[in-house]
S.K.: 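One structure follows; several queries about it will come next.
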Amino acid sequence: MHAVMPDPSPEPSAEPFAGLSRRPSDPQLTLLGGLTAAERLRRWPLPLAGATVAAGFPSPADDYVEGRIDLNEVLIRHPSSTFFLRVSGDSMRDAGILDGDLLVVDRAIEPRAGLVVVAVIEGAFTLKHLHRHRGRWRLEAAHPAYPPLELGDGDDSRIWGVAIHAIHSL
Amino acid sequence: MARLASGREATVLIDGNNFYASCEALMDPALIDRPLVVLSNNDGCIVSRSAAARALGIRMGQPWFQVKDALERRGVLVRSSNYALYADMSQRLMSVLEEWVEELEIYSIDEAFGLLHRPGPASDGSGDLTDWGRRLRRDVQRRLGLPVAVGIAATKVQAKLANRLAKAAGKGMGRGAGEGVFDLGAVADPDPWLEAVPIEDVWGIGRRLARWCRLRGVANARALRDLPSGELRHRCGVVGVRLQQELRGIACLPLERLPAAKRETCVSRSFSRPIDNLPQLREAVATYTCRAAEKLRRQRQRAGALTVFVRSSPFNGTSFYANAATITLPLASHDSAALLAAALPLAERLFNPHKPLQKAGVVLQQLQPETLLQHHLLVPQSPEQERRRRALMAVVDGLNRRYGSGTVQWAACGLHRPWAMRRGQLSRAATTRLADLPTVLALH
């Protein structure tokens with residue numbers, strides 16, 4: 001159903017719609033503004049998307065419908081502070097993070113010893129384990145071949161975010 | 001003068017410092033602490049500068065081509081405007097701010113007004129919101145890596161001033177300024193602070209009004225506040241008086257919680273090089289029209305009128321040419337084809353072979369909700385026709401959303417577009433496109 005077309009032969013008038021508004025009782029000629037919500041619905045029924053009516057028995061599962069599993073909910077705790085990065089290299093291999101993995105980084109999480117963090121080293125994002133060593137923060141690779149890096153006192157701004165998941169496609 | 005804010009409500013203005021430059025540095029750590037400028041559309045002029053670039057004395061609004069060589073010599077890095085990145089960071093910023101204030105009015109891509117509750121009178125310290133502002137700043141910095149400035153006061157106009165004071169370091173400012181947070185309601189005597197803000201920097205004072213004020217010896221915000229209201233009313237009516245009331249701490253501009261329905265939508269861009277032939281102008285106008293029509297359909301609106309405007313470059317030395325033409329549509333529409341049919345003849349009318357054009361734009365006006373289509377007696381459109389056009393637009397929009405804008409387009413928009421906007425220094429869509437994610441090294 002569609003909008004009701006006004007009668008194409010209005011009374012002669014300088015204003016094309018002037019004649020219409022004087023005769024609001026005529027349903028064919030009522031302008032949109034003069035309609036109640038119910039009237040509008042009757043004339044312009046909204047399609048009910050996907051609302052099929054089954055004529056048989058109601059489904060026994062109707063009471064048990066749940067939302068499907070949403071990976072966004074599983075992987076992202078704080079949407080506004082979550083960023084994605086792409087891993088390049090194998091120095092975090094022993095932490096289960098491989099070359100090409102999609103890294104989920106949450107900046108809202110406070111960096112703590114034992115977490116995997118993204119640090120800014122020499123102008124590049126670098127992936128490391130954060131450790132506490134003799135009262136100082138230390139960045140360590142999860143690979144025996146790479147030496148650790150001590151952080152100085154004013155260096156905590158170099159921790160960019162905490163990695164919370166590495167998504168690895170097979 | 002009495003305390004500015006002793007009431008329970010306070011207004012806060014929070015905005016990003018060097019927002020575009022800060023977004024760039026967030027997603028590319030090679031830019032941290034480096035002098036960086038971001039250029040406007042078409043790499044025209046400087047619209048954002050990192051702190052290090054400011055320190056070099058680089059000014060806002062400088063045309064890029066004038067300062068390019070000098071900046072290169074000084075090692076200044078350059079980026080084109082990356083709106084995909086800034087828009088995403090803006091949304092993140094606003095959703096974090098919503099956690100901090102009861103009511104938020106998003107005022108622009110990087111600033112928002114908020115309503116706060118002042119727990120007690122500011123004078124005895126209990127109502128001082130400076131510490132609240134500091135915590136907010138730290139939270140935004142930690143979660144988003146973006147520096148913000150926080151200005152708190154009784155009214156919007158005052159909050160703008162306070163925000164300015166929060167950012168203004170040095171420049172003969174007293175203690176407390178330039179630290180990122182400023183609560184004008186918590187200072188013992190606001191007058192010296194208001195005197196530190198030049199009249200040109202008061203929100204709502206345009207260039208001409210500022211000149212009028214200066215001629216009367218009104219040089220700063222304090223002087224404007226204390227100007228007799230009659231003079232101001234005489235010069236700029238109720239708008240001026242309202243502004244003055246706000247400066248005095250009496251709120252006249254309420255927070256706009258819901259964005260007003262748009263009454264106009266505009267798409268305009270400058271060209272990478274001047275256009276001196278009609279086919280290219282038609283392509284450009286067609287491209288902008290389609291883009292505007294797309295926006296309209298997303299807003300669920302139709303346009304009743306359409307304006308095309310063009311202008312030549314103010315820098316090319318020849319006489320300046322600017323012109324515009326408007327057409328009223330017989331039937332309000334958001335159909336790309338209908339809008340193209342209206343816009344292209346206007347482009348032809350505006351074209352002048354002797355005036356190379358630097359910029360064109362399409363403005364859709366008299367916007368109305370899609371649901372209220374007024375049929376025209378003389379322009380019949382069958383319901384069937386209407387339904388099919390609608391379905392076509394939905395398919396086109398769906399394809400362009402899914403596979404990237406420009407996947408399906410009208411032939412009038414052209415294929416090669418040699419005039420298209422130049423964004424030579426564009427960084428990647430690091431937060432919105434999977435193929436553009438930054439790399440994190442696991443190499444050492």
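All figures in this text were calculated on a predicted structure; none of them were measured in a lab. Lettering follows sequence order; numbering is per chain, from 1.
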S.K.: Examine whether an atom of A/L103 lies under 4.5 Å from a heavy atom of chain B, and if so say whether it belongs to the side chain, the backbone or both; otherwise answer neither.
M.R.: side chain
S.K.: Check the surroundings of atom CZ in A/R132: do more than 12 heavy atoms from other residues, nucleotides or ligands lie under 6.0 Å from it?
M.R.: yes
S.K.: Considering only heavy atoms and a distance below 4.5 Å, find which of A/G89, A/S81, A/S91 pairs most often with chain B.
M.R.: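 Heavy-atom pairs under 4.5 Å are most numerous for A/S91.
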S.K.: Identify which part of B/L26 has an atom lying under 4.5 Å from any heavy atom of chain A, answering side chain, backbone, both or neither.
M.R.: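 Both parts, backbone and side chain.
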S.K.: Name the region of B/L93, side chain, backbone, both or neither, that has any atom closer than 4.5 Å to a heavy atom of chain A.
M.R.: neither
S.K.: Does any heavy atom of chain A fall under 4.5 Å from the side chain of B/L144, the backbone, both, or neither of them?
M.R.: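 Looking at B/L144, backbone and side chain both touch chain A.
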S.K.: Would you find a donor on one side and an acceptor on the other, under 3.5 Å apart, between the side chain of B/R143 and the backbone of A/H78?
M.R.: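 A pair under 3.5 Å: no.
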S.K.: Can you measure from OG (A/S80) to CD (B/E98) and round to the nearest 0.5 angstrom?
M.R.: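 Answer rounded to 0.5 Å: 10.0 Å.
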S.K.: Around atom CG of A/D94, are there more than 12 heavy atoms of other residues, nucleotides or ligands at under 6.0 Å?
M.R.: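 Yes, CG of A/D94 has more than 12 neighbouring heavy atoms, counting only those of other groups under 6.0 Å.
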S.K.: Please round to the nearest 0.5 Å and tell me the distance separating atom NZ of A/K128 and atom CG of B/L441.
M.R.: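 Atom-to-atom, A/K128:NZ and B/L441:CG are 10.0 Å apart.
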S.K.: Check whether more than 12 heavy atoms from other residues, nucleotides or ligands sit under 6.0 Å from atom CZ of B/R433, and answer yes or no.
M.R.: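 Incorrect, the count does not exceed 12.
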S.K.: Any chance you could measure A/I121, atom CD1, to B/L443, atom CG, to the nearest 0.5 Å?
M.R.: 11.0 Å
S.K.: If you count heavy-atom pairs within less than 4.5 Å of chain A, which of B/V440, B/V96, B/L437, B/D28 leads?
M.R.: B/V440
S.K.: Any side-chain heavy-atom pair from A/W160 and B/P29 closer than 4.5 angstrom?
M.R.: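 Not in contact.
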S.K.: Where on A/E122 is there a heavy atom nearer than 4.5 Å to chain B: the side chain, the backbone, both, or neither?
M.R.: neither
S.K.: Only pairs of heavy atoms separated by less than 4.5 Å count here; which of B/Q91, B/M94, B/R142, B/R34 has the most with chain A?
M.R.: B/R142
S.K.: Top residue by heavy-atom pair count (under 4.5 Å) with chain A, among B/S95, B/A430, B/G145?
M.R.: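 Going by pairs under 4.5 Å, I would pick B/G145.
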S.K.: So for B/T431, is it side chain, backbone, both, or neither that comes closer than 4.5 Å to the heavy atoms of chain A?
M.R.: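 Contact with chain A is through the side chain of B/T431 alone.
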S.K.: Donor-acceptor pair, distance only, cut-off 3.5 Å: does the side chain of B/R92 make one with the backbone of A/T82?
M.R.: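 Flag set: sc B/R92 to bb A/T82 pair under 3.5 Å.
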S.K.: Using a 4.5 Å cut-off on heavy atoms from C-beta on, say whether the side chain of B/I32 contacts that of A/V120.
M.R.: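 A side-chain contact under 4.5 Å exists here.
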S.K.: What are the two closest heavy atoms between B/A442 and A/V87, and how far apart are they?
M.R.: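 Closest approach of B/A442 to A/V87, heavy atoms only: CB-CG1, 4.2 Å.
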S.K.: Side chain, backbone, both or neither: which part of A/P147 has a heavy atom under 4.5 Å from chain B?
M.R.: neither
S.K.: Please classify the contact between A/L102 and chain B as side chain, backbone, both or neither, with a heavy-atom cut-off of under 4.5 Å.
M.R.: side chain
